[in-house]
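One structure below.
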Amino acid sequence: MRTTSTAAIALSIGLIATSASAAELVIESWRNDDITIWQDTILPAFHAQHPDIQVTFQPTAPAEYNAALNAKLDGGTAGDIITCRPFDASLEMFKRGHLVDLTGMEELGNFPETALAAWSTDDGSQTFCVPMASVIHGFMYNKDAFAELGLEVPTTEEEFFAVLDAIKAGGSYEPLAMGTADQWEAATMGYTNIGPNYWQGEEGRKALIAGEAKLTDEAYVAPFRTIARWADYLPSGFEAQSYPDSQNLFTLGRAAIYPTGSWEISPFQRDAFFEMGAFKPPVPNAGDPCFISDHVDIGMGINKASPNQEAARTFVEWVGSAEFAELYSNALPGFFSLSSHPITLEDPLAQEFIDWRNECSSSIRLAHQILSRGTPNLWNDMWVTSANVVNGVVTPEEAGAHLQEGLASWYAPQQN
Amino acid sequence: MQHARAAARRKPFPWHVVVFLAPAVLIYTAVMIYPLAETLRLSFFDRTDEGARFWVGLVNFERLFLDPHWADQFWNALANNFYFFVVHMAVQNPIGVLLAALLSMTHLPGRTFYRTAIFVPAMLSVVIIGFAWKLILSPIWGVSETLLGLVGLDFLFGPWLGKEGSALTTLALISVWQYVGIPMMLIYAALLAIPEDISEAADLDGVRGMALFFKVKLPLIWPTIGIISILTFIGNFNAFDLIYAVQGALAGPNFSTDILGTFLYRTFFGHQLELGDPHMGATIATAMFLIILVGVMAYLWGVQRRMRRYQF
Amino acid sequence: MNRARRSLTAEAAAHAILIAYTIIALFPVVLILINSFKDRRAIFQAPMAPPTPESLSLIGYATVLEQGNFALYFMNSLTVTVLALVLVLLLGAMAAFALAEYRFFGNALMGLYLAIGIMIPIRLGTVGILEMMVATGLVNTRTALVLVYTANGLPLCVFILSEFMRNVSKDLKDAARIDGLSEYTIFFRIVLPLVRPAMATVAVFTMIPIWNDLWFPLILAPGEAVKTITLGTQVFIGQFVTNWNAVLAGLALAILPVLALYLVFSRQLIRGITSGAVK
C-alpha cells in the first residue's frame with residue numbers, strides 16, 4: 001500500500017520520468033477483497049513476463065462499482081482494463097462503445113460457449129470480455145457440530161429439514177446462518193441457490209426467456225415455498241441480520257449450516273475455528289437429477305478510450321491463458337476459472353465445490369440473461385421478493401405472481 | 001439604503017457590487033448550476049441503445065406520475081420522506097429546545113462538557129454512524145437487548161431495522177441522534193441572545209421557571225426554530241447517505257425506507273443488473289427540486305413573514 | 001438574585017437529563033473504541049465489556065497500519081475541508097453583503113438564483129462536473145474537490161449571511177461612509193466582525209458535509225494520493241468487511257483525529273456561535 005501511494009504521489013506531481021516503452025495499465029474492479037492477492041501474487045507473475053508493462057489493481061467498493069465506473073467511462077477517466085460484470089451491464093458498455101471488440105482473439109477459444117455467452121452480444125457474433133471465473137453456490141457446514149449431533153450430510157429436501165430440526169432440538173447451534181436485511185442473501189444464497197433443482201437448471205431458465213414458462217409455474221414457486229420454511233430455523237431477529245452478521249455467526253461456530261457462495265472459501269478458512277465441509281443443494285426427491293448454480297461472474301475487457309491499447313491487449317490475452325487460469329483459481333480458491341483447461345486445485349474445500357460440476361448440471365442465475373433488461377428489473381424484484389418471502393410478508397404464490405407481473409409488463413415473449 | 005442609492009446615482013457604475021458578487025457567482029454558476037442544468041435538461045430526453053439522445057418532451061414525467069411501476073415507487077418514497085421529516089420535526093426540535101434550555105440555565109456546572117459531548121455525533125461520517133448503529137441494533141450482537149434488559153424492558157426488543165413497520169422510524173431517530181447537536185447549538189445561541197432585562201422584567205411580574213420559558217423565551221426563539229425547520233426540510237428531502245449506508249440502495253425491507261434520495265440514486269446510477277437511467281433519474285431530480293422549492297417558498301412567504309412581524 | 005431562588009432539584013433534574021443524553025450521544029463512539037482493542041471472539045461474545053488482559057488485541061490496528069494510509073487521508077481531508085471552508089465563508093460573505101446592502105437591478109432575482117443551490121443536491125450534476133474536471137485536467141486533484149464543495153456551500157452561506165447582514169445596524173455603516181471609508185473597508189472592518197456568530201454557524205453547516213462526503217472523492221479523486229479519510233475508511237471497510245478487528249480499528253482511527261480536532265477547537269466554535277449573544 002505504501003509503495004502504491006508513493007508511486008501515485010510521485011506520478012501526480014509528474015516526477016517519475018517513465019521510459020517511452022513502459023506502459024502503465026490500471027485495472028478497474030469491484031473485487032476489493034482481492035487487492036492483496038492481485039498485488040502479491042497475480043500481478044508479479046505478469047510483470048515477470050512483461051517487464052515493460054506496469055499494472056495497477058484499483059478496486060472500488062462493489063456497491064458503487066457500476067455507478068462509479070459508468071461515470072468514469074462517460075468522463076474519460078476510467079482505467080485501461082475493465083472488470084466485466086456478466087451479461088447486460090457489460091453489454092451496455094459495449095453497445096455504447098466503451099469496450100473493445102475482442103471477437104477473434106485466439107485465447108477466447110480456451111473457453112466454452114456458455115462462458116462466452118455472458119460477454120457476447122445476444123446473437124453471439126461479438127465478444128467483448130475474456131471470461132475469468134464463476135462462483136458455485138451450495139451450503140457449508142460445521143463438521144464439528146455435525147459430528148457432535150451425529151448428523152449426516154443431507155441429500156434430499158426432507159433430509160435437509162430433518163437435519164435442521166435436529167440442530168434446533170440440540171439447542172447449542174443456530175441451524176441456518178442467513179439474514180434478510182441485505183436482501184441479496186435471500187435471493188442469491190436462497191432462491192437461486194436451491195432453485196435450479198426445481199426448474200431443472202438451464203432448461204427452466206431458457207424456458208422463461210423463450211416465454212414457454214411463467215414464474216407462477218410450480219417449478220419457480222416451489223423454491224420460494226422451501227425458503228419460506230427456512231424462517232423457522234434462522235436466528236431470532238434475522239430480519240435485521242446483515243451479511244457480515246451471518247458470516248460471523250457461522251465462522252465463530254454459533255451456527256451449523258451456512259447457505260453460501262464459493263467466494264467465501266478463503267476468508268472462511270482464515271476465520272473459522274473448526275473444520276468446514278460443503279454440500280450441494282438438496283434435491284426435492286431422492287433420485288432426482290441435481291443442478292447447481294454455477295454462475296459466470298467475472299470477465300475482463302479493454303476500455304476503448306485507453307491510450308495503451310497494445311499493452312492492454314497483451315494483458316487481457318494473458319488473462320485468457322491456461323497459466324492465468326491455474327494461478328487465479330489457486331490464488332483465490334472459490335473463484336473457479338471458466339477456462340476449458342483442466343486445472344488442479346490445492347484447496348480441498350474448493351475441490352469439493354468444483355467436483356459438483358461432474359455430478360450435477362451447471363446453471364447460471366435465473367434473472368441474469370436478458371430477463372433483467374427492462375423496467376421493473378427482475379433481479380432487483382427477486383432480491384426484495386425473496387426477502388419478503390423469508391420474512392413471511394408475502395406467500396410464495398404471491399411472490400411468483402408479483403415477479404411474473406413485473407416481467408410480463410415489458411418482456412414481449414411473456415406477454416401472451 | 002438611501003445612502004447606497006445616492007452613492008449609486010453619483011457613481012457611473014457600482015464596481016464594488018460586481019467585485020463582491022462575481023467570485024461567488026462565477027464558481028457557483030460554473031461548478032454547480034451548469035452541471036445541474038445539464039442534468040435537469042436530461043429529464044426531457046431519452047436515449048437509444050447506442051446512446052443517441054432524443055427529445056421526448058414531458059413523457060418522462062408522465063411515466064413518473066402515471067406508469068404504475070414508477071408512480072408506486074415515487075409516491076412511496078415521497079410519503080416516506082414526509083414521514084422522515086415529521087419524525088425529525090417532532091423529535092429533533094423538542095429535544096434540541098430542551099437541551100438548549102437546560103444548557104442555558106445560568107451557572108450550570110459542566111455545561112461546556114455537555115455541549116461538547118452532545119455535538120460529537122454531528123462530526124462523524126455516516127460510514128461510522130451507520131456501522132455503529134447497525135451493530136448496536138443488531139439482534140446478533142445483542143447490545144440493545146442487553147441495555148433494555150438493564151431496565152427490564154428487553155421484551156420490547158425487536159429486529160427494528162428489519163421490520164417494515166419500524167425500520168424508517170429507527171433510521172429517522174438515528175438521523176435525529178446524529179444531528180440534534182446542531183439545532184441545540186443554534187437554539188442555545190438564540191436563548192443566550194435574549195437580553196437579561198426581559199427575564200428580569202418577567203421575574204418582577206412573577207413569571208419564572210417553566211412559565212418564563214414557555215411564555216417569554218420560547219416565543220422569542222421561534223424565528224430560530226423556523227430557520228432550523230426549513231434547513232431540516234431541505235436536508236431531509238436531500239437525504240440519502242444514512243439510508244444507503246444502513247439499508248443499501250434497495251432501501252429495505254420491501255422499500256419501506258425508500259426516500260426520494262435513494263430512489264433517485266438507484267434510478268440514476270442503476271443497481272446490480274439494472275442499468276442507470278440518467279433520464280428518469282433527472283426526472284426524479286426535477287420533481288425533488290420542485291417539491292423543495294414549494295416547501296421553501298411556503299416558508300419564506302408564509303411562516304417567516306409572520307415571524308418577522310412578531311419579532312418586532 | 002435569581003441564583004438564590006433556583007431550586008436544587010431543578011438543577012439535579014437538568015443534570016440527570018443532560019447526563020442521560022450525553023451517554024446516548026457518546027455510547028456508539030465508545031462502543032467502537034472499546035471493541036477496536038479486543039479480539040474477534042470477545043467482540044462478538046461480550047460487545048459491551050471493556051478490553052481485559054485476556055481479550056486485549058491490537059491485531060486490528062496492526063492490519064490498518066499495514067494496509068491503510070490514514071495519516072495521508074487525514075491530511076487530504078483537512079486540506080480540502082479547510083480550503084473549501086475559507087472560500088465559502090469569504091466569497092459567500094462578500095456576495096451576501098452585496099445582496100443585503102445594495103439595491104441594484106436584479107437583486108431579488110440574484111438572491112433567488114443563488115438560493116436554488118440549497119434546494120438541489122449537487123450530486124445530480126456529477127457527470128457534468130466530471131466532464132468539466134477532465135477537460136481542465138483537475139481529476140484526481142484536491143482542487144477539484146475544493147471547487148465542488150465551494151460551489152455547493154455558497155448558496156446556504158449566502159442565504160444565511162444575507163439574512164443576518166440585513167440586520168446589521170445602518171447607523172454604523174452610514175457613519176463609516178460619512179467618514180469616507182470605502183465599501184470594502186466597511187465590509188471587512190465593520191460588517192464581517194458583526195456577523196461572526198452567523199459565520200460560525202455557516203462554518204459548521206458547511207464543514208460537516210464536506211468532511212463526511214463520500215461521493216465526490218469516489219468519483220473525482222479516488223487516487224491513493226488524494227483520497228479523503230471518509231473514502232479511505234469506506235474502502236477499507238469494504239475490503240475488510242469480514243475482518244471486524246480491522247474494521248473497528250479503521251473506524252476508531254477515522255474518529256479519533258476528528259474528535260481531537262473538535263476538542264481543540266470546540267471552544268472557539270461555540271464561542272463563535274454564541275459570541276453575538278454573550279456580551
Side-chain angles (χ1 to χ4, degrees), chain A residues 62-64 66-68 70-71 74 85-89 91-93 95-98 174 177 179-184 235-242 244-246 248-249 254 365 367-369 371-385 387-388 391 393-394 406 409-410, chain B residues 47-52 63 67-70 72-73 127 130-131 133-135 137-142 144-145 157-167 170 244-258 265-278 280-281:
Chain A
E64 276 104 27
N66 293 20
N70 279 320
D74 286 339
R85 300 260 195 204
F87 299 106
D88 286 6
L91 182 61
E92 172 87 359
M93 286 195 279
K95 278 188 182 163
R96 282 198 219 153
H98 292 314
E174 301 285 357
T180 53
D182 292 333
Q183 308 196 58
W184 66 268
S236 97
F238 66 86
E239 297 95 331
Q241 180 181 326
S242 69
D245 285 341
S246 307
N248 277 309
L249 269 181
R254 281 171 55 185
R365 288 182 201 149
H368 275 57
Q369 192 180 19
L371 299 179
S372 290
R373 205 167 272 184
T375 310
N377 185 283
L378 183 61
W379 185 228
N380 283 357
D381 264 3
M382 226 170 243
W383 283 28
V384 177
T385 309
N388 284 347
N391 288 348
V393 296
V394 300
S409 73
W410 62 270
Chain B
R47 76 174 163 206
T48 61
D49 282 351
E50 284 70 36
R63 269 210 282 174
D67 177 331
H69 167 71
W70 291 98
D72 288 356
Q73 291 192 77
V127 175
F131 189 89
W133 278 102
K134 259 167 101 167
L135 200 146
L137 297 174
S138 163
I140 308 302
W141 274 49
S144 329
E145 213 172 346
F157 179 76
W160 293 310
L161 283 172
K163 293 280 191 191
E164 282 181 50
S166 56
T170 311
Y244 177 73
V246 176
Q247 306 291 67
L250 285 185
N254 204 13
F255 296 111
S256 61
T257 57
D258 201 22
Y265 176 84
R266 203 167 57 237
T267 309
F268 200 87
F269 294 109
H271 179 258
Q272 288 287 317
L273 301 185
E274 184 182 27
L275 299 165
D277 183 342
M280 280 312 284

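Within every chain, numbering begins at 1; the chains are lettered A, B, ... in the order of the sequence lines, protein sequences first and strands thereafter.
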Engaged part of B/Glu164 at the chain A interface, taking heavy atoms whose separation is under 4.5 Å = side chain
By a 4.5 Å heavy-atom criterion (distance strictly below it), what part of B/His271 contacts chain A: side chain, backbone, both, or neither?
-> both
Non-hydrogen atoms of chain B under 4.5 Å away: do they reach the side chain of A/Val393, the backbone, both or neither?
-> side chain
State, to 0.1 Å, how close A/Ala240 and B/Pro159 come at their nearest heavy-atom pair, and which atoms those are.
-> CB-CB, 3.6 Å
Between CZ on residue B/Arg266 and CG on residue A/Asn380, distance to nearest 0.5 Å | 7.5 Å
For the student: nearest non-hydrogen atoms of B/Ser138 and A/Asp245, plus distance | OG-OD2, 3.4 Å
Taking the side chain as every heavy atom from C-beta outward, state whether B/Phe255 and A/Val384 have any atom pair closer than 4.5 Å.
-> yes
Counting heavy-atom pairs under 4.5 angstrom with chain A, the leader among B/Leu273, B/Asp277, B/Leu161 is B/Leu273
Partner chain A: residue of B/Lys163, B/Gln73, B/Gln247, B/Lys134 with the largest heavy-atom pair count (under 4.5 Å) | B/Lys163
Is it the side chain or the backbone of A/Arg254 that comes within 4.5 Å of chain B heavy atoms, both, or neither?
-> side chain
Contacting region of A/Trp184 [heavy-atom separation from chain B under 4.5 Å] | neither
Where does A/Ala387 contact chain B at under 4.5 Å (heavy atoms): side chain, backbone, both or neither?
-> neither
Side chain, backbone, both or neither: which part of B/Phe268 has a non-hydrogen atom closer than 4.5 Å to chain A?
-> neither
Does B/His69 reach the side chain of A/Ser409, with side-chain heavy atoms less than 4.5 Å apart?
-> no
Contact leader toward chain B among A/Asp88, A/Asp182, A/Thr375, A/Asn248, where contacts are heavy-atom pairs under 4.5 Å = A/Thr375
Is the shortest heavy-atom distance from the side chain of A/Pro235 to the side chain of B/Ile140 under 4.5 Å?
-> yes
Side chain, backbone, both or neither: which part of B/Phe157 has a heavy atom under 4.5 Å from chain A?
-> neither
Look up atom CG in B/Leu135 and atom OG in A/Ser242, then write down how far apart they are to the nearest 0.5 Å.
-> 9.0 Å
